[in-house]
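See below for the structure under consideration.
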Amino acid sequence: MTAPSRRAFLRGTALTAGLAGTGVLSSCATPLTAVGTESSLQYWNFFAGGDGLRMIGLVDTFRAEHPEVDVTATTLAWGSPYYTKLAMAAAGGRPPDVASMHLSRLPTFAEHLLEPFDLDELAELGITEADFPAPLWQKATVNGELFAVPLDSHPFVLFYNTEICGQAGLLEADGTLKPITSPQELIEFGRRCAEVTGGNGIAYAAADAFVNWMMFWTLYSQNGGTLELPPGGTAQFDREKMVEVLTFMQEFTDGEVVSQTADAAGAIAVFGSNQAGLLLTGEWEVSTFITTGTPFSMQEFPQLYGTEAVRGDGHSFVLPRQRDLDEESRRNAYLFIASALKNSLSWGEGGHIPAYGPVSESQEYLALTPQSNYRGAAEKIAFDPDAYFSGSGSSLMGQAGQILAALHLQSITPDEAVDQLEAWLNKQLATPSPV
């Protein structure tokens with residue numbers, strides 16, 4: 001491949017600078033792990049904690065399967081530092097051979113900083129569109145070309161304490177949670193749990209921007225709401241539906257059934273210590289409660305409005321654009337991706353829903369509980385709206401989360417919250433896209 005043009009390089013540089021200016025990306029003092037110059041495959045990712053250990057396992061499995069390939073796996077800080085370095089490396093034409101990326105971030109990178117996948121080459125390795133949930137494959141496709149191969153989906157879910165919910169009379173005969181079919185029913189379930197605990201019935205991180213955004217985007221999507229963010233234009237959304245959802249969210253965090261001030265760690269601690277019957281958060285906390293021995297199970301977030309939808313995202317693999325393409329390294333990237341997908345049962349143990357059908361539909365995964373209980377959510381993922389300031393860890397998530405935190409504290413009304421969000425969105429849209 002030829003070296004990128006000066007314009008292409010400047011686009012990438014502008015992308016990094018522009019996203020940093022919006023709070024999506026920022027400089028980071030964390031030193032970049034040195035990439036081995038003799039490596040046949042360079043892989044960048046952002047996985048830490050339990051996910052990090054499982055990714056190390058997937059890399060080691062690939063090494064065992066392909067001992068002829070010398071892999072250098074580099075882990076960078078999640079969020080802004082990672083995407084800053086990846087954008088700069090791709091703009092300069094010297095990125096890793098393969099990298100991890102949230103599907104919600106793909107639209108920003110795809111056109112100028114990534115290479116599309118060869119569908120025939122993927123098919124040779126047993127990877128085809130039919131193997132993936134439609135929402136994931138569609139999100140991975142930009143302008144008719146596949147720019148990402150999904151590894152998983154990770155939705156907003158409902159955890160429930162089986163002992164507390166049993167005492168509250170909220171379980172079916174088979175031990176599963178009784179259906180919750182409306183916003184008011186969710187509050188009622190919380191009240192009944194609170195009667196058992198003597199405290200909050202539902203653990204929810206009302207002070208956490210990420211959790212607030214997941215809750216809001218789930219409910220607004222279920223209510224049939226959409227949000228269009230045309231560059232240079234103004235935000236297009238359904239104000240009535242948004243106000244309806246925000247009115248419920250304010251009622252939901254009343255300070256009694258649900259705390260108005262809990263942060264993410266606090267909500268997890270409350271549920272993990274048997275002080276709440278329900279918990280609303282991301283599925284990745286499953287390992288936390290297995291470790292603590294909390295009596296719990298999990299299910300899809302309930303459908304409270306008319307549309308089947310849940311806020312989620314997906315981890316994926318992408319091919320950063322190279323200055324000088326090495327065909328052997330590119331082939332190794334395909335081999336690595338195929339290996340990771342086919343061995344992703346271990347990835348599913350950590351809570352994420354494996355994207356690859358032969359794994360997610362296998363008897364081994366179906367027997368994995370409670371992780372497989374919410375696998376149907378993969379077909380209902382509502383991704384964040386497309387914009388350079390949107391996606392996991394973005395400034396949109398942070399700003400909207402702050403507005404929602406004020407809403408929970410009764411500091412603003414639902415109408416005022418919509419006004420604030422609209423004004424902020426329009427300010428971002430008035431700033432030219434850095435790409």
**Prompt:** Between F216 and Y220, what is the ring plane arrangement, given parallel below 30°, perpendicular above 60°, and tilted in between?
**Reply:** parallel
**Prompt:** With no hydrogens and no angle check, do the side chains of S182 and Q184 hold a donor and an acceptor under 3.5 Å apart?
**Reply:** no
**Request:** For the residue pair L421 and F237, establish whether any side-chain heavy-atom pair is separated by less than 4.5 Å.
**Result:** no
**Request:** List the steps, then state whether side-chain contact (heavy atoms from CB on, under 4.5 Å) holds for V71 with F336.
**Result:** CA-CA 10 Å; V71 182; F336 170 70; 5.8 Å; no
**Item:** Beyond-backbone contact of V98 with V318, side-chain heavy atoms, under 4.5 angstrom
**Value:** no
**Close side-chain approach of I202 and L186, heavy atoms under 4.5 Å** = yes
**Asked** Can you check whether I187 reaches E251 side chain to side chain, under 4.5 Å on heavy atoms?
**Response** yes
**Message:** Less than 6.0 angstrom separating the ring centers of W347 and Y356, yes or no?
**Reply:** no
**Request:** Give a yes or no on whether the ring-centroid distance for H315 and F47 is below 6.0 angstrom.
**Result:** yes
**Request:** Establish, from distance only, whether the side-chain atoms of Q371 and E283 form a donor-acceptor pair under 3.5 Å.
**Result:** no
**Asked** Does a donor on one side chain sit under 3.5 Å from an acceptor on the other, for N161 and N274?
**Response** yes
**Prompt:** Is any side-chain heavy atom of P133 less than 4.5 Å from a side-chain heavy atom of I381?
**Reply:** no
**Message:** Are H352 and L151 packed together at the side-chain level, in the sense that at least one heavy-atom pair is separated by less than 4.5 angstrom?
**Reply:** no
**Asked** Which value, rounded to the nearest 0.5 Å, describes the distance between S259 atom OG and H408 atom NE2?
**Response** 10.0 Å
**Asked** In terms of heavy-atom contacts, does CD of E228 have more than 12 from other residues, nucleotides or ligands at under 6.0 Å?
**Response** no
**Item:** E172/K178 under salt bridge (Lys or Arg N to Asp or Glu O under 4.0 Å): CA gap, chis, key distance, verdict
**Value:** CA-CA 6 Å; E172 301 280 20; K178 291 181 178 180; 5.6 Å; no
**Request:** Taking atom CD of E240 as the centre, report whether more than 12 heavy atoms of other residues, nucleotides or ligands fall under 6.0 Å from it.
**Result:** no
**Complete:** For P155 and V310, the nearest pair of non-hydrogen atoms, with its separation, is CB-CG1, 4.1 Å
**Fill in**
Nearest heavy-atom approach of L366 to S360 is CD2-O, 4.0 Å
**Asked** Does the R375 side chain pair with the main chain of S372, one donor and one acceptor, at a distance under 3.5 Å?
**Response** yes
**Request:** Mark yes or no for whether T294, through its side chain, and G272, through its backbone, hold a donor-acceptor pair below 3.5 Å.
**Result:** yes
**Prompt:** When you look at Y43 and S100, which way does the side-chain contact (heavy atoms from CB on, under 4.5 Å) test go after all the steps?
**Reply:** CA-CA 8 Å; Y43 166 50; S100 292; 2.7 Å; yes
**Asked** Donor-acceptor pair, D263 side chain versus A207 backbone, under 3.5 Å?
**Response** no
**Prompt:** For the residue pair F296 and F159, does the interplanar ring angle fall in the parallel (under 30°), tilted (30 to 60°) or perpendicular (over 60°) class?
**Reply:** tilted
**Prompt:** Hey, do the aromatic rings of F109 and Y83 have their centres closer than 6.0 Å?
**Reply:** yes
**Message:** Apply side chain to side chain donor-acceptor pair (under 3.5 Å) to residues E65 and S339 and explain how you reach the verdict.
**Reply:** CA-CA 8 Å; E65 294 174 347; S339 173; 2.7 Å; yes
**Request:** In plain terms, say whether E300 and K380 are close enough for a salt bridge, that is, a side-chain N and a carboxylate O under 4.0 Å apart.
**Result:** yes
**Item:** Chi angles and distances behind the side-chain contact (heavy atoms from CB on, under 4.5 Å) call for N223, L304
**Value:** CA-CA 8 Å; N223 204 22; L304 305 184; over 6 Å; no
**Message:** For a side-chain contact (heavy atoms from CB on, under 4.5 Å) check, start with the C-alpha distance between M55 and L58, then their side-chain angles and the critical distance, and finish with the verdict.
**Reply:** CA-CA 5 Å; M55 182 53 68; L58 291 177; 4.1 Å; yes
**Asked** Can you check whether F383's main-chain N or O pairs, donor with acceptor, with W217's side chain at less than 3.5 Å?
**Response** yes
**Fill in**
Taking every heavy atom of S316 against every heavy atom of P150, the minimum-distance pair comes out as CB-CA, 3.9 Å
**Request:** Would you please classify the geometry between the F132 ring and the W137 ring as parallel, tilted or perpendicular, with 30° and 60° separating the classes?
**Result:** tilted
**Prompt:** Does the gap between the ring centers of F271 and F289 come in under 6.0 Å?
**Reply:** yes
**Request:** Verify, without hydrogens or angle tests, whether S297 (side chain) and P370 (backbone) share a donor-acceptor contact under 3.5 angstrom.
**Result:** no
**Item:** Y388 side chain to S394 side chain, donor-acceptor N/O pair below 3.5 angstrom
**Value:** no
**Complete:** In short, N212 meets A206 closest at the heavy-atom pair ND2-O, 2.9 Å
**Message:** Whether the T288 and E285 side chains hold a donor-acceptor pair (N or O, under 3.5 Å, no angle test) is what I'd like checked.
**Reply:** yes
**Message:** Salt bridge check, D384 against R311: does any charged N sit closer than 4.0 Å to a carboxylate O?
**Reply:** yes
**Asked** Are the side chain of S273 and the backbone N or O of A269 linked by a donor-acceptor pair below 3.5 Å?
**Response** yes
**Complete:** side chain to side chain contact (heavy atoms under 4.5 Å, CB included) filter on E361, not counting sequence neighbours, yields none
**Item:** Exercise: identify the closest heavy-atom pair between S287 and T291
**Value:** O-OG1, 2.8 Å
**Prompt:** Is L396 close to L425 at the side-chain level, that is, under 4.5 Å between some pair of heavy atoms?
**Reply:** yes
**Item:** Enclosure of R239 CZ (heavy-atom neighbours >12, cutoff 6.0 Å)
**Value:** yes
**Message:** Just checking H102 against F46, ring centres under 6.0 Å apart?
**Reply:** yes
**Message:** Going by side chain to side chain contact (heavy atoms under 4.5 Å, CB included), L341 matches just one of L122, V149, D152. Which one?
**Reply:** V149
**Message:** Quick check: closest heavy atoms across A309 and T218, and the distance to 0.1 Å?
**Reply:** O-CG2, 3.9 Å
**Request:** Scan for salt bridge (charged side-chain N to carboxylate O under 4.0 Å, His left out) pairs involving residues 117-136, sequence neighbours excluded, and state none if there are none.
**Result:** E121-R331
**Message:** Donor-acceptor check, side chain of R192 to backbone of Q167, threshold 3.5 angstrom: yes or no?
**Reply:** no
**Prompt:** Are T181 and E185 linked by a side-chain donor-acceptor pair shorter than 3.5 Å?
**Reply:** yes
**Message:** When you measure from the side chain of Y305 to the backbone of P183, do you find a donor-acceptor pair of N or O atoms at a distance under 3.5 Å?
**Reply:** no
**Prompt:** Are D70 and S40 close enough that a side-chain donor and a side-chain acceptor fall under 3.5 Å?
**Reply:** no
**Request:** Look only at the side chain of T253 and the backbone of M249, and say whether a donor-acceptor pair between them is shorter than 3.5 Å.
**Result:** yes
**Request:** Assess the side chains of Q222 and T307: does a donor N or O sit below 3.5 Å from an acceptor N or O?
**Result:** no
**Prompt:** Does the gap between the ring centers of F252 and Y204 come in under 6.0 Å?
**Reply:** yes
**Prompt:** Taking the side chain as C-beta and beyond, is there a heavy-atom pair between L146 and P116 under 4.5 Å?
**Reply:** no
**Prompt:** Hey, does the side chain of N200 reach the backbone of A203 with a donor-acceptor pair shorter than 3.5 angstrom?
**Reply:** no
